[in-house]
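I have placed the structure first, in the form of structure tokens, so that the comments after it can refer back to it.
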Amino acid sequence: MNNLRLGKKMTYKNKLALLALCSALFAAGTAMAKPGNADKGKEVYDKRCTWCHGAEGDGAGAAQDYLNPPPRDFTSGNYKIKTSSFEDMTPNDDDIFRMIRDGMPGTAMPGWSDLLSEQEMWDLAAYLKSFAGFDKPPEKQVDYGTQVKSSAESIEKGKKLFEDGDRCVECHGKSGKGSASKRLKGGGGERTWPRNLTKPWTFIGSSDPKDIYTRISTGIAGTEMPSFADPKSKNVLSVEERWHVANYVESLAKTGMTVNAENTVIKADKVEGELPATTDDKRWNESVPTAFYLVPQIIGEERYFKPSNDTIIVRAMYNDKMVALLMEWDDRTKSIPGDESAEKIADEPIAEDGVAVQLPVVIPTEMRKPYFGMGDESHPVNIWHWKSGTKSEPEAANLLNSLGFKAIEKRDAAAVGLKTVSSYSDGTWKVLMYRPLTTQAADKDIQFAEGKFIPVAFAAWDGSNNSEKGSKHTMTTWYWLLLKPATGSRPLVAALAIMVLFAGGLLWWARSAGRAAGRQH
Ligand code: HEC
Ligand code: HEC
């Protein structure tokens, strides 16, 4: 169907109707292929795409060495997100168009719909195909049969198929978090990690069940993710079975992990008696979780790496003596240097996993710009840093005071009563940190108080990924910790007034961090 040519003979009213129809179809995601002009596509390509994909389309652009996954080598003919059958390498024009329009979340590939016209994107699709010599449309398409609607029963069937014979578990782990049991490689020999299926916002080809069904049917070209429609696969699945598995994968989404940019405050409830002593204490379920994006640390020396930790969830509680913070984040690998099985799947050299909490030594009372990095001369910070330990050294809680990157003082964690408890299970770390509300050294340690908005920031290390260590880590911006006082007390009202003053700036900040997160991993 060629709308442009048809349009010439049509009345204005008809054209409008057709336009409306087409945009409705686009909105629904069913792009109708328009013929593209490869020569015109080359002009746009040379201007917009060569930086990453290279002038020859071979993926060897200037940015190549900095990106993981690397920019696609179009001469390889590998297209990850396609709706043509696994038997046919050629993608549909719609498939290429869609990736150009929407981009691929969690990778450097941006969506271009704001910058390029639709026609330019079809022209690009035509030009890209020429790199691999694709001159005919694909002969076979994915067979969708009849879509099985999601239901408890279908999800249950899907779960069984997911786990049977290690079908998906082998790479994605039992709970789908991608807790790795083997090293995986991409087409260019680069290290890759299986997707964490509980985080659908990281899917490069959308988490709609139909898209998941398509990925299971075609596999993901240039990666180890195989096709389960291929009868030669020992784990082949029928059409109906693939719908069950797609429904199951969709059900894995952990919505509690989703970052809500408006939630900038970790609210700690006051409890009577002892605080929970373990990471799995049932009482944590009553504590409201707050999720934050982790973005690569960009201030220190180690600038460019592909982080594997992308979000962290925090809960907090306190009693009349102590405050407790529970940090939870997905990490595919438990990184213990010296441990043989941990080293086998880690990038070399393996380092320890870790998490850190940063708090100002003095809780600010007046409004001023929060400070980035690790404090500065007039704004010292406490850093509580937990490390997962090595085979010969146990895990440890470290206490640091910092006036910036170059002025870090190591202190005695036990002396101020800083304690940690950790657990790792099936791709998730939980680390609990406690400290007494007050200490002997008010000039060196934060003195916690009810009803105040206390700035807090977090950092995390995945020691199996790119040897994250020292200043090479992920971090959040500053958020707030609030020890909720008993209802009706006045301090909260005062604190709320300060909070409102801060809030505008912070919301903007949190949102830009979220956008940065989308761009950078
Ligand atoms: C900042 C770097 C960057 C720029 C600029 C860029 N891309 Fe990409 N592109 C990537 C990366 C990285 C991937 C691979 C993502 C992956 O493998 O998951 C990719 C993948 C693709 C794919 C593969 C889709 C698939 O299904 O496998 C297409 C098509 C594509 N890019 C088209 C373009 C076009 C057209 C342009 C210019 C308008 C462009 N890209 C500009 C980084 C970039
Ligand atoms: C041999 C390893 C392996 C097996 C087995 C495997 N996968 Fe994957 N899967 C991967 C890898 C690697 C990726 C990430 C590919 C990439 O880098 O783009 C992935 C990605 C995915 C994605 C993300 C798609 C997207 O749009 O980002 C889904 C969904 C998925 N797999 C589902 C499954 C299901 C369901 C099964 C079992 C029927 C399965 N996988 C079996 C390795 C595997």
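This is a predicted model, so every value here is computed, not measured.
A 4.5 Å side-chain heavy-atom check between R183 and D347 finds at least one atom pair inside the cut-off. In this structure, L483 and P485 have side chains that are not in contact, with every pair of non-hydrogen atoms separated by 4.5 Å or more. Using a 4.5 Å heavy-atom cutoff, the side chains of K444 and V416 are not in contact. Using a 4.5 Å cut-off on side-chain heavy atoms (C-beta onward), K185 and E224 make contact. Residues T311 and V259 meet the side-chain proximity criterion, which asks for heavy atoms closer than 4.5 Å. By the 4.5 Å heavy-atom criterion applied to side chains, Q447 and L437 are not counted as neighbours. Side-chain contact between N309 and P307 is absent, with no heavy atoms from C-beta onward closer than 4.5 Å. Annotation: side chain of T290 is not in contact with side chain of I313 (no heavy-atom distance under 4.5 Å).
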What do the steps show when you test T279 against S423 for side-chain hydrogen bond (donor to acceptor under 3.5 Å, both in side chains), and what is the final call?
CA-CA 7 Å; T279 58; S423 64; 2.8 Å; yes
Give the C-alpha distance, both sets of side-chain angles, the deciding distance and a yes or no for side-chain hydrogen bond (donor to acceptor under 3.5 Å, both in side chains) between S175 and D426.
CA-CA 7 Å; S175 52; D426 197 20; 2.6 Å; yes
What verdict does the salt bridge (charged side-chain N to carboxylate O under 4.0 Å, His left out) test give for K270 and D320, after you've listed the backbone C-alpha separation in whole Å, the side-chain angles of each residue and the deciding distance to 0.1 Å?
CA-CA 8 Å; K270 187 163 189 178; D320 50 9; 5.9 Å; no
Given the rule in the side-chain contact (heavy atoms from CB on, under 4.5 Å) test, do R215 and I81 qualify, once you have shown the distances and angles that lead to the verdict?
CA-CA 7 Å; R215 300 296 85 73; I81 306 301; 3.6 Å; yes
Evaluate side-chain contact (heavy atoms from CB on, under 4.5 Å) for S464 paired with I345, printing each intermediate quantity in order.
CA-CA 7 Å; S464 294; I345 47 171; 5.7 Å; no
Given side-chain hydrogen bond (donor to acceptor under 3.5 Å, both in side chains), test D330 with T428 step by step and report yes or no.
CA-CA 4 Å; D330 284 357; T428 301; 2.9 Å; yes
Quick one: do K159 and E163 satisfy salt bridge (charged side-chain N to carboxylate O under 4.0 Å, His left out)? Show the steps, please.
CA-CA 6 Å; K159 178 175 161 51; E163 291 170 359; 2.9 Å; yes
Tell me, with the steps shown, if K182 and E170 meet side-chain contact (heavy atoms from CB on, under 4.5 Å).
CA-CA 8 Å; K182 57 193 253 190; E170 176 195 8; 2.6 Å; yes
How far apart are the C-alpha atoms of S388 and D353, what are their side-chain angles, what is the distance that settles it, and do they pass the side-chain hydrogen bond (donor to acceptor under 3.5 Å, both in side chains) test?
CA-CA 5 Å; S388 61; D353 287 336; 4.8 Å; no
Pair E352-K469, salt bridge (charged side-chain N to carboxylate O under 4.0 Å, His left out): steps then yes or no:
CA-CA 8 Å; E352 290 166 71; K469 197 179 172 177; over 6 Å; no
Go through it in stages, so that I can follow the logic: the residues are W193 and L184, the test is side-chain contact (heavy atoms from CB on, under 4.5 Å), and I'd like the CA-CA distance, side-chain angles, deciding distance and then a yes or no.
CA-CA 6 Å; W193 297 98; L184 300 178; over 6 Å; no
Evaluate the ring pair (Phe, Tyr, Trp, His ring centres under 6.0 Å) criterion for residues W386 and W429: first the C-alpha distance (whole Å), next the side-chain angles of each, then the deciding distance (0.1 Å), finally the verdict.
CA-CA 12 Å; W386 169 88; W429 271 116; 4.9 Å; yes
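Here the side chain of N319 pairs a donor or acceptor atom with the backbone of G273 at under 3.5 angstrom. In this structure, E343 contributes its side chain and G338 its backbone to a donor-acceptor pair below 3.5 Å. At distances below 3.5 Å, at least one donor-acceptor pair connects side-chain atoms of W461 with backbone N or O atoms of G470. Remark: the backbone N or O of F458 is paired with a side-chain donor or acceptor of T476 at under 3.5 angstrom. Of the possible donor and acceptor atoms, one in the side chain of R332 sits under 3.5 Å from a partner among the backbone N and O of P194. A donor-acceptor contact shorter than 3.5 Å links the side chain of D339 to the backbone of A342. A donor-acceptor pair under 3.5 Å is absent between the side-chain atoms of D166 and the main chain of V169, judged by distance alone. In this structure, the side chain of H385 does not engage the main chain of V355 through any donor-acceptor pair within 3.5 Å. Judged purely by atom type and a 3.5 angstrom limit, R315 has no side-chain atom pairing as donor or acceptor with the backbone of E328. Side-chain atoms of R195 never come within 3.5 Å of backbone atoms of G178 as a donor-acceptor pair (strictly under, hydrogens ignored).
Of the options F131, W51, W112, a ring-ring contact (aromatic ring centres under 6.0 Å, His included) to Y45 is made by F131 and by none of the others.
In summary, the side chains of D208 and S206 do not present any donor paired with an acceptor at a separation below 3.5 Å, with no hydrogens or angles considered. Looking only at atom types and distance, the side chain of S422 has a donor-acceptor partner in the side chain of E395 under 3.5 Å away. When only modelled atom types and interatomic distance are considered, D280 and T278 share no side-chain donor-acceptor pair under 3.5 Å.
The nearest pair of heavy atoms linking A356 to I383 is CB-CG2, 4.1 Å. The shortest non-hydrogen separation linking L275 to R283 is C-NH2, 3.6 Å. Nearest heavy-atom pair across A246 and I212 is CA-CG2, 3.9 Å. Among all heavy-atom pairs drawn from L481 and A316, the shortest one is CD1-CB, 3.9 Å. When every heavy atom of K177 is checked against every heavy atom of G427, the shortest pair comes out as CD-O, 4.2 Å. When all heavy atoms of L482 and V265 are compared, the closest pair comes out as CB-CG1, 3.8 Å.
The ring pair (Phe, Tyr, Trp, His ring centres under 6.0 Å) check on Y434 picks up nothing, with sequence neighbours excluded. A search for side chain to side chain contact (heavy atoms under 4.5 Å, CB included) contacts involving D412 returns A414, A415, not counting sequence neighbours. Here H53 pairs with F74 under the ring pair (Phe, Tyr, Trp, His ring centres under 6.0 Å) rule; sequence neighbours left out.
The OG1 atom of T192 sits 8.0 Å away from atom CG of N68, with the distance rounded to the nearest 0.5 Å. Remark: R191 CZ to S308 OG distance equals 9.5 Å, nearest 0.5 Å. In this structure, CD in E393 is found 11.5 Å from CD1 in I336, a value given to the nearest 0.5 Å. The structure places CD1 of I350 at 7.5 Å from OG1 of T333, a figure rounded to the nearest 0.5 Å. A distance of 9.0 Å separates CG in N398 from CG in L418, rounded to the nearest 0.5 Å. Taking CG of D310 as the start and CG of D462 as the end, the distance is 11.0 Å to the nearest 0.5 Å.
The aromatic rings of Y479 and F292 sit parallel, their planes meeting at an angle under 30°, below the 60° perpendicular limit.
A salt bridge links R98 to D211: one of the charged nitrogens lies within less than 4.0 Å of a carboxylate oxygen.
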